[in-house]
Amino acid sequence: MKRKCAQKAFEMIKDGMIVGLGGGSTVALLIQELAKSSKKIRAVTPSQDTLRLCMEHQIPVLPLEMTDTIDLAFDGCDELDVRLNAQKSCGGIHTREKIAAAMAKEYVLLADEEKLKERLTFNYPVTIEVIRAAVSYVKKRLSQMGAEVTERRSDGKTGMLVSDDGNYLLEAGFQDAVDVEQLDAELDRIPGIVGHSLFCGIVSKAVIAKADGIEVLERQW
């Protein structure tokens, strides 16, 4: 199903485009499709893994910090709902992904049908990127909002994990969060939060791979 998604995404790309490529296995398959085609594109990516893949396949990459417009951007997700709100918790590069999404004329998520829900389940915690000076304050605010807060850590590293930009990563479990848009707005208002993994009102389309074919969902703005 991921290969179906990648092939549909490839069909959407036109020669000469600046294409945003996020992280994940489906984007990796899309890079393979681009590499064996005659389409000439330039890529922009917030992901170090995707950057390496592009270089391996000789796809030119523009620095994210030197780019202000992307023709079409693709990304994966952990989960999305029928209103095209999404959770992108697992990778931890959501702040950079949102920057790429904001630059894009169209921001398209690639997913299989198991990830599409009527509403977000919050089975994944919301990942919160926080500047160091605000960690204790943000933890308190999140707890007051009813979240179970933990620090993202790794077995192979002492201390909290940090983002590519040197900020701390927290995980906030919101089991009773039913209003995604309200939660998104509340998180955006907390000083010290650089970004979080809820993508609300950002996604323009989603390519959903199903057992019997492909469905393209469009946001009703």
Side-chain angles (χ1 to χ4, degrees), residues 2 4-51 53-55 57-88 91 93-112 115-116 120 129 164-165 180-181 184-185 188 194-209 214-221:
K2 290 183 178 182
K4 289 181 184 178
C5 257
Q7 289 171 343
K8 183 62 177 180
F10 172 77
E11 292 173 7
M12 299 167 70
I13 297 172
K14 296 179 181 178
D15 197 53
M17 277 186 166
I18 296 176
V19 180
L21 298 171
S25 55
T26 307
V27 170
L29 292 172
L30 174 55
I31 291 171
Q32 291 179 12
E33 295 292 325
L34 287 166
K36 64 187 182 184
S37 78
S38 60
K39 290 181 182 178
K40 302 299 182 184
I41 65 112
R42 289 176 292 169
V44 178
T45 180
S47 165
Q48 292 298 314
D49 290 338
T50 299
L51 173 62
L53 277 176
C54 286
M55 294 176 67
H57 289 89
Q58 299 182 325
I59 296 173
V61 180
L62 301 173
L64 187 62
E65 63 269 25
M66 300 296 289
T67 307
D68 61 14
T69 303
I70 295 171
D71 293 307
L72 183 60
F74 296 96
D75 215 338
C77 66
D78 301 315
E79 187 176 76
L80 75 159
D81 67 20
V82 293
R83 291 170 56 83
L84 301 192
N85 297 312
Q87 255 276 54
K88 291 177 55 58
I93 59 170
H94 46 270
T95 301
R96 290 190 178 194
E97 288 174 327
K98 280 185 179 176
I99 293 169
M103 293 178 186
K105 297 172 184 176
E106 280 197 305
Y107 181 64
V108 183
L109 289 185
L110 309 176
D112 60 64
K115 293 183 177 181
L116 179 63
L120 295 183
E129 183 172 352
D164 290 341
D165 295 297
V180 177
E181 287 85 359
D184 175 74
D188 284 342
V194 178
H196 57 80
S197 62
L198 283 180
F199 280 54
C200 295
I202 295 173
V203 180
S204 50
K205 291 181 182 178
V207 177
I208 308 298
I214 291 288
E215 181 180 9
V216 179
L217 303 178
E218 295 194 33
R219 174 174 291 281
Q220 304 302 311
W221 298 101

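All values reported here derive from a predicted model rather than from experimental measurement. Positions are given from 1, in the same order as the sequence printed here.
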request  = Kindly compute the distance separating NZ (Lys98) from OG (Ser197), expressed to the nearest 0.5 Å.
outcome  = 7.5 Å
query = Going by heavy atoms in the side chains, are Phe74 and Leu30 under 4.5 Å from each other?
reply = yes
Heavy-atom closest pair, residues Ile70 and Ala100 = CD1-O, 3.7 Å
query = Would you call Leu62 and Met66 a side-chain contact if the rule is heavy atoms closer than 4.5 Å?
reply = no
message = If I compare all heavy atoms of Leu109 with all of Ala86, which pair ends up nearest, and what's the gap?
response = CD1-CB, 3.5 Å
remark   = For Ala9 and Leu110 the tightest heavy-atom approach is CB-CD2, 3.9 Å
note = d(Thr45 OG1, Glu97 CD) to nearest 0.5 Å is 8.5 Å
ask   = Taking only residues at least two apart or on different chains, which pairs with a member in residues 22-46 satisfy salt bridge (charged side-chain N to carboxylate O under 4.0 Å, His left out)?
value = Arg3-Glu33, Glu33-Lys36
task = Please tell me if the side chains of His57 and Ile31 come closer than 4.5 Å, counting only heavy atoms from C-beta onward.
result = yes
message = Does this structure show an ion pair linking Glu181 with Arg83, if we count only N-O contacts that are shorter than 4.0 Å?
response = yes
message = Looking at Lys115, I want to see if its NZ is surrounded by more than 12 non-hydrogen atoms of other residues, nucleotides or ligands under 6.0 Å.
response = yes
query = Just by distance, do the side chain of Arg219 and the backbone of Leu84 share a donor-acceptor pair under 3.5 Å?
reply = yes
note = Minimal heavy-atom distance between Ile202 and Ala101, with the atoms involved, is CG2-CB, 3.6 Å
task = Consider only side-chain N and O atoms of Glu129 and Thr95, and report whether a donor and an acceptor are under 3.5 Å apart.
result = yes
query = Partners of Asp164 by side-chain hydrogen bond (donor to acceptor under 3.5 Å, both in side chains), sequence neighbours excluded?
reply = none
query = Can you check whether Phe199 reaches Cys77 side chain to side chain, under 4.5 Å on heavy atoms?
reply = no
query = What are the two closest non-hydrogen atoms of Val27 and Gly22, and how far apart are they?
reply = CG1-O, 3.3 Å
ask   = Can you check salt bridge (charged side-chain N to carboxylate O under 4.0 Å, His left out) on Arg96 and Asp165, steps first, answer last?
value = CA-CA 9 Å; Arg96 290 190 178 194; Asp165 295 297; 2.8 Å; yes
ask   = So do the side chains of Ile59 and Leu34 get within less than 4.5 Å of each other, counting heavy atoms only?
value = yes
key: Shortest non-hydrogen contact from Leu80 toward Ala206   = CD1-CB, 3.7 Å
message = As a test of understanding, state which of Val216, Leu217, Ile214 forms a side chain to side chain contact (heavy atoms under 4.5 Å, CB included) with Ile208.
response = Leu217
task = Could you name each residue pair satisfying side chain to side chain donor-acceptor pair (under 3.5 Å) that touches residues 9-28, not counting sequence neighbours?
result = Lys2-Ser25
inquiry  = Using side-chain heavy atoms (C-beta onward) and a distance below 4.5 Å, is Met12 in contact with Leu72?
reply    = yes
Worked verdict on His196 versus Asp188 for side chain to side chain contact (heavy atoms under 4.5 Å, CB included) = CA-CA 8 Å; His196 57 80; Asp188 284 342; 2.9 Å; yes
ask   = Regarding Lys205 and the six-membered ring of Tyr107, is the cationic atom NZ or CZ under 6.0 Å from the ring centre and inside 45° of its axis?
value = no
pair Leu21-Cys54: side-chain heavy atoms closer than 4.5 Å = yes
key: Beyond-backbone contact of Ile93 with Gln48, side-chain heavy atoms, under 4.5 angstrom   = no
ask   = Counting distance only, does the side-chain N/O of Thr67 pair as donor-acceptor with the main-chain N or O of Thr69 below 3.5 Å?
value = no
message = Test side chain to side chain contact (heavy atoms under 4.5 Å, CB included) on Glu79 and Leu120; report intermediate values, then the result.
response = CA-CA 7 Å; Glu79 187 176 76; Leu120 295 183; 3.8 Å; yes
query = Name the one of Ile13, Ile41, Ile18 that satisfies side chain to side chain contact (heavy atoms under 4.5 Å, CB included) with Asp71?
reply = Ile18
